[in-house]
Amino acid sequence: MVAEVTETQTEEKKKADQYDEPIILVENVNKWYGDFHVLRDVSLSVAPREVVVIIGPSGSGKSTFIRCINRLEEHQEGLIMVDGIELSHDVRNVAEIRRETGMVFQQFNLFPHMTVADNVTLAPMKVRHWPKDRAERRAMELLTRVGIPEQANKYPGQLSGGQQQRVAIARALAMEPKIMLFDEPTSALDPEMIKEVLDVMKELAISGMTMIVVTHEMGFAREVADRIIFMDHGRIVEQGPPEHFFDPAIEHHPRTQEFLDQIL
Ligand code: ADP
Ligand code: MG
């Protein structure tokens, strides 16, 4: 089920990107928690089908930033546009953007009292008003895509962490989002389960999904990212393609170098 990234696919994807308008546009965003200035003049433009990996030390604002993109957090200054819709106080805009962006969290956030299948069908039935049989058919397709169709009638607590996270991905995909946001999706997993989740994410990237992924998995970043962004103290300090980040000959910002030295 999980395809390999081939050179040709990657090249085609890159070519397609060059001609598209940004699907996510962030301009000079500032955010405070009380007095604490958590995001500082953050600007980012993401092309359709692009995979952006965000790295950076704990507390640098990575989660806050991606949570602003689907309005789980509110920014105070600057502009955020998602697929041409500006994120403003207008609740209709927020609802529209939530429908277009799927999110996967470190802690899975599945509904424990509902079966795997019900977790996946809930939003399409409630929000998109799909009839039950259509939502269930789609759920089975998605559970097959993430490699666990046989788990459909179990409860989240009966699954391994890796399986639960794959359910969470299927649940996010059920809303047919244009963008997927991942916040450290493998950080809560035992090491032997990390690969099965990263493989699903890799397949999603190959299929052309626009993705922003906060992760410490440098192998994934190197192989799958079109661009890596390093954040520190609420700022984007450095960004570039993986070749840039992993080339020992390139001189990095001192904070980037310090971070890379710690994790590589
Ligand atoms: P990261 O994901 O890079 O670890 P976060 O975005 O979670 O960083 O947090 C950035 C900073 O903002 C941290 O110092 C954190 O303690 C603080 N912070 C996060 N959420 C809140 C909140 N709801 N209220 C106050 N401070 C917060
Ligand atoms: Mg975080």
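First listed ligand is number 1; within each ligand, the first listed atom is number 1.
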Distance to 0.1 Å, residue and atom name: give those for the protein heavy atom nearest to [atom].
atom                    : result
atom 7 (O) of ligand 1  : Ser63 CB, 3.7 Å
atom 10 (C) of ligand 1 : Gly59 O, 3.4 Å
atom 3 (O) of ligand 1  : Lys62 NZ, 2.8 Å

Between [X] and [Y] (side chain of the first, backbone of the second, donor and acceptor by atom type, cut-off under 3.5 Å), is there such a pair?
X      : Y      : answer
Thr115 : Asp118 : yes
Glu184 : Val213 : no
Glu100 : Lys178 : no

Honestly, for Val38 the part within reach of ligand 1 (heavy atoms, under 4.0 Å) is side chain

Using the ring centroid of each side chain, check whether His244 and His252 are separated by less than 6.0 Å. yes

Does atom 16 (O) of ligand 1 have a protein heavy-atom neighbour under 4.0 Å away?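 False for atom 16 (O) of ligand 1.
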
Quick note on ligand 1: atoms under 4.0 Å from a heavy atom of Pro57 include exactly 3 (O)

Mark up the atoms of ligand 1 that fall under 4.0 Å of a heavy atom belonging to Thr64, in ascending order.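 Close to Thr64: 5 (P), 6 (O), 9 (O).
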
Any N/O of Gly61 closer than 3.5 Å to an N/O of ligand 1? yes

Test of proximity, Glu73 against ligand 1: N or O pairs below 3.5 Å: no

With atom 22 (C) of ligand 1 as the reference point, say which of Trp32, Phe36, Tyr33 has the nearest heavy atom. Tyr33

Could you walk me through whether Met218 and Phe245 pass the side-chain contact (heavy atoms from CB on, under 4.5 Å) check? CA-CA 10 Å; Met218 290 300 122; Phe245 269 84; over 6 Å; no

Exercise: do Arg255 and Ser60 side chains pair donor with acceptor under 3.5 Å: no

Show your working on side-chain contact (heavy atoms from CB on, under 4.5 Å) between Glu238 and Phe259 and close with a plain yes or no. CA-CA 12 Å; Glu238 189 169 343; Phe259 179 77; over 6 Å; no

Let's go through Val224 and Val53 carefully: what are the C-alpha distance in whole Å and the side-chain angles of both, what is the deciding distance for side-chain contact (heavy atoms from CB on, under 4.5 Å) to 0.1 Å, and is it a yes or a no? CA-CA 9 Å; Val224 182; Val53 163; over 6 Å; no

Within less than 2.8 Å of the Mg ion (ligand 2), any N, O or S from Ser58? no

